[in-house]
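These notes concern the structure reproduced below.
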Amino acid sequence: MVRRHHEKHRSGRATWLRAAVLGSNDAIVSTASLMMGVAATQAPKDAILVAGIAGLVAGAMSMAAGEFVSVSSQRDAEHADIEVEKQELAKAPDAELHELANIYVQRGLDTPLALQVAKQLSAHDPLGAHLRDELGITAETRARPIQAAWISAVSFAVFALLPVLALVVAPATLRMPTIAAVTLVSLASLGALGGHLGGASKLRAAVRVTLGGALAMAVTAAIGYLLNVTVV
Ligand SMILES: [Zn+2]
């Protein structure tokens, strides 16, 4: 009986969490900037709200579509690899066994042991052993386009809600400052979280995303202001 030993690993969790945190920056910055641009034209609250919600929906849909396309092509490539591997295993099982043993030799086993490991794993699940050790494909890492699409759409929508809610609660005279403040505080917190998850400096990560967000809002607000002055 082998005793199980558990230790805390961060890397597995960090991958998708970091992706979610990065996506959340996009959602907050793009929605807030859009709303600031419209707000700077002296537009009424309704118009700013519509802009914010339209930005939220458009962003969520485009994230979903983008993720779906990119993860689908990754899945197609995986399927093609798996097909080739299946055919090879059916056609030349001996060559495949030695290929597997060679991989274990490269990872540090001596040749007789590598061959023994390859034989036992092949007796158990030859395709699984080749996919895992030759191609690096496991059940956990398989590409899932639909899942990737809805996760990115939902996380975009959730974070894009922050500047929209800021507008809803803001007093009429303080709309732009409230949107800006909520946006910058959210970006700073998420930046710090991203830095923490990536094992980097929290402060530096927070400052970087906050400055980026401030710049984006300043530029769109300035353009909204200029358009209002020149067009109206
Ligand atoms: Zn193989």
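All ligand and atom numbering here is 1-based and tracks the order in the structure. The shown structure was predicted, so the numbers you read here are calculated from the model rather than taken from an experiment.
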(message) Glu85: which residues meet the side-chain hydrogen bond (donor to acceptor under 3.5 Å, both in side chains) condition with it, sequence neighbours left out?
(response)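 side-chain hydrogen bond (donor to acceptor under 3.5 Å, both in side chains) check on Glu85 returns His130.
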(request) Measure the spacing between CG of Leu211 and CG of Leu187 and express it to the nearest 0.5 Å. (result) 10.5 Å
(message) Just verifying a value: how many Å separate Met35 CE and Leu49 CG, rounded to the nearest 0.5 Å?
(response) 6.5 Å
(message) Could you enumerate the protein N, O or S atoms under 2.8 Å from the Zn ion (ligand 1), written like residue then atom name?
(response) Glu85 OE2, Glu96 OE1, Glu99 OE1, His130 ND1, Glu134 OE1
(request) Determine the minimum heavy-atom distance between Met176 and Ala39, stating which atoms define it. (result) CG-CB, 3.6 Å
(message) Please determine whether side-chain contact (heavy atoms from CB on, under 4.5 Å) holds for the pair Arg132 and Ile137, giving the CA-CA distance in whole Å, both sets of side-chain angles, and the decisive distance to 0.1 Å.
(response) CA-CA 5 Å; Arg132 182 184 60 240; Ile137 300 174; over 6 Å; no
(request) Give a yes or no on whether a salt bridge exists between Lys86 and Glu83, defined as a side-chain N under 4.0 angstrom from a carboxylate O. (result)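 Yes, this pair counts.
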